[in-house]
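Per chain, numbering begins at 1; letters A, B, ... match sequence-line order.
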Amino acid sequence: MSSESLAPKASAWKGKGKAVDARYSQFVDLYPVITYRHVLSQNLGVKDPLRVVALCDSDAFYAACEMNRLGVSPDQPLVVLQWDSLIAVNYAARKFGISRMDKKNDAIKRCPHLKVVHVATYKEGEAEPGYWDDVDTNTHKVSLDYYRRESMKIAALFRELLPGCEVEKASIDEAFIDFTKPVREKLLERYPYIANVPSDAPMGADSPLPSPPVDWEVKGTVVPVHPPPPETKTDGQEEGKQTEASPSLNEEPGLFELHFEDDDATTWHDVALSIASELMMKARQEVLTRLGYSTSAGVSRNKFLAKLAASYRKPNGQSVLRNSAIPNYLIPMPFQKIRFLGGKLGKALAEAYDVSTVGDLLHISLEEIQRKFGEESIWVYELLRGIDRSEVKDKGTTLTKSMLASKNLPKPITQASEGYHWIRVLAAELALRLNDARQISPNLWPKTIVLHARKGYEAGRSKQAPFPFAKEVTVDYIANAGSKLWKELVGNTSTMKVSSVQLSFTGIDVSEAGQKTIEGFLRVKPPSKRAREEEEAAANGPGVLSRLHQVATTSSDNRTRVEEEQAEKDTSGSGLSYTCPKCQKVLRPSPSAAPGPAFQNGEDRASFVAALQLEHEDWHFAQDLMREDSAPNGGKRIVPGQTQGNKTKKRKKEATGIEKFFMKK
DNA sequence: CACCTCCAT
DNA sequence: GGATGGAGGTG
């Protein structure tokens, strides 16, 4: 098809015709021939011409969480606060012109009956995050845990409701869903005449399917193939203002003319989209009735387009983007709103060519863009043309692969002791979250622990270390590891001005049989099946939450309580114990009663005693650090009674004592 | 593996 | 902007 034959007849924009058509010609493969082989194949992956992907995201998710938690009515304007900033604004509140990044007081001015909820926080001296009246960023730490849990409920419900679909949780409030497989089944079920290659088919299985039904209906809003020009667009639509992502053209009216013959004709892919849309609609309805979350979804041929389509109508909208509607949907789109182009790359593109829309960039050849932005920018080139080969990866129920607890310090800290305080707070949160996750997946183990800190205006720096497996991950265990990293990263220079601290676990995974339990790590004994069962029992026991009074108290107070707890638990009379040469404290393993592990033999017990010793020594280490830091002439310090060394910095490299313990044995 | 950069919500 | 999370690059 030449551009001549496709040129719209309107003469008003004559002269632009060629350029416009050039852009349309960039969209290829919008109408692939679909054959019997295609419908009957199972594993075509991203090449599948019948591929259908949806993106479903929760509307104003944090706000919705709070509305459900508090049982407020859907039309009650509500915002969620983090310190003085709005992090979520429900749609009722948006009607008052309130938006994120308004300040609290501005929002209340616009809507006096606004419900203002501050996000849950950890508060010094409290066992768990909660909703307090007196939030203070100087003493509290935000907790997003409630939202994470609600998010997991939604994802779990999608998985339950959509068997055969791949479900990829993309963020706390979004999931991609690949409907290809169930849609193919339903397609064959509804249209059995495409399930068998006719004997007279000219090319056998490679013959095109017969024409699809013309009477297709779609649940949801179909993005128009030919959007009306802005002038004639009906305004005041039921759901309020059009979202920003909705196409709106200011120029080049010819854009909306017919550019492909029969581009409105239904294709088998359209039928596939409508089936997926139906399934998506039902699932969203269930999420709404069962969990109370309103969502918006987009359905299209790949992840990128599904995501864009989802923004077409919100809230509580569902939009279907057909292949035929892709060009007119993409061409006017400001490309910096596209996923991956919202950052530096998008900015670079905009500046390199002094343009802003997808259509503008369609003039750039692949060679040109690769010359300026590198070989890999082919994916940008394709993205602009509606092509996205990325797959929907069901990461299983596996929780996240990392856990980050972070705190921006309103007043940069200058004392190391403050650093240790915050590390302890962050460690307490990580302990809570990891142990929590272990209730669902008992053997979770973070491979490394990472500390990030930012000094003043410098870029953040980080230090990391392996995180030895421990069945029982305590606040101290984490805080001590974090404190060592702090020492390496920040030291105790008096000039420190640390403005942000982040403590995280990475490489979280289920520890497999071959990997290190504490026994394995210490080479005493491979983990037995029995041991794993016990571990599971312990993880499911009453322990996790009840032990959380370790959270966010001062270091020494907290430690005392932990130690006391362990001492109290010690009724086993095992005879195997460790007496700290420094403080005379006696460490013994717990009895078999939950929540501590039970031991089958002396070696297990010895391992655990060793772990206790390690923890204990680490505690002394941290204590010494703090004493050193708060001492008027920091740097002087003595480690009495320790066989291994008295140099702070080398502590990590030397035998930790626990190794010796086992070597000796 | 250690550390950093970029992107996103 | 703050609190998270994921991917990927580089030595």
Problem - Contact boundaries on DNA chain C for chain A, cut-off under 4.0 Å to non-hydrogen atoms - result: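 Terminal contacting nucleotides, 5' to 3': C/dG1 to C/dA7.
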
Is [X] touching bases, backbone alone, or none of the nucleic acid, heavy atoms closer than 4.0 Å?
| X | answer |
| --- | --- |
| A/L489 | nothing |
| A/L144 | sugar-phosphate |
| A/I338 | sugar-phosphate |
| A/K103 | nothing |
| A/L345 | sugar-phosphate |
| A/S402 | sugar-phosphate |

Exercise for the section: Give the C-alpha distance, both sets of side-chain angles, the deciding distance and a yes or no for side chain to side chain donor-acceptor pair (under 3.5 Å) between A/R284 and A/T295. Expected result: CA-CA 7 Å; A/R284 288 177 51 238; A/T295 56; 2.9 Å; yes

Handout entry: More than 12 heavy atoms of other groups within 6.0 Å of A/R461 CZ
Key =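 Atom CZ in A/R461 is not packed in, count stays at 12 or less.
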
Exercise for the section: Report the residue (A/S406 or A/K393) whose heavy-atom-nearest nucleotide on DNA chain C is the more 5′ of the two. Expected result: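 Closer to the 5' end of DNA chain C: A/S406.
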
Handout entry: Donor-acceptor side-chain pairing of A/T137 and A/K407 below 3.5 angstrom
Key =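 Yes, side-chain donor-acceptor contact under 3.5 Å.
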
List, one per line, each side-chain donor-acceptor pair under 3.5 Å for residues 498-506 of chain A, sequence neighbours excluded.
residue, atom, partner, partner atom, Å
A/S499, OG, A/R454, O, 3.3
A/S499, OG, A/R454, NH1, 3.3
A/T506, OG1, A/T448, OG1, 2.3

So do the side chains of [X] and [Y] get within less than 4.5 Å of each other, counting heavy atoms only?
| X | Y | answer |
| --- | --- | --- |
| A/V392 | A/I177 | no |
| A/L361 | A/F335 | yes |
| A/R301 | A/R51 | no |
| A/I478 | A/I449 | yes |

Practice task
With a 4.0 angstrom cut-off to heavy atoms of chain A, pull out the first and last contacting nucleotide of DNA chain B, in 5'-to-3' order.
Solution key: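 Listed 5' to 3', the contact boundaries are B/dA2 to B/dT9.
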
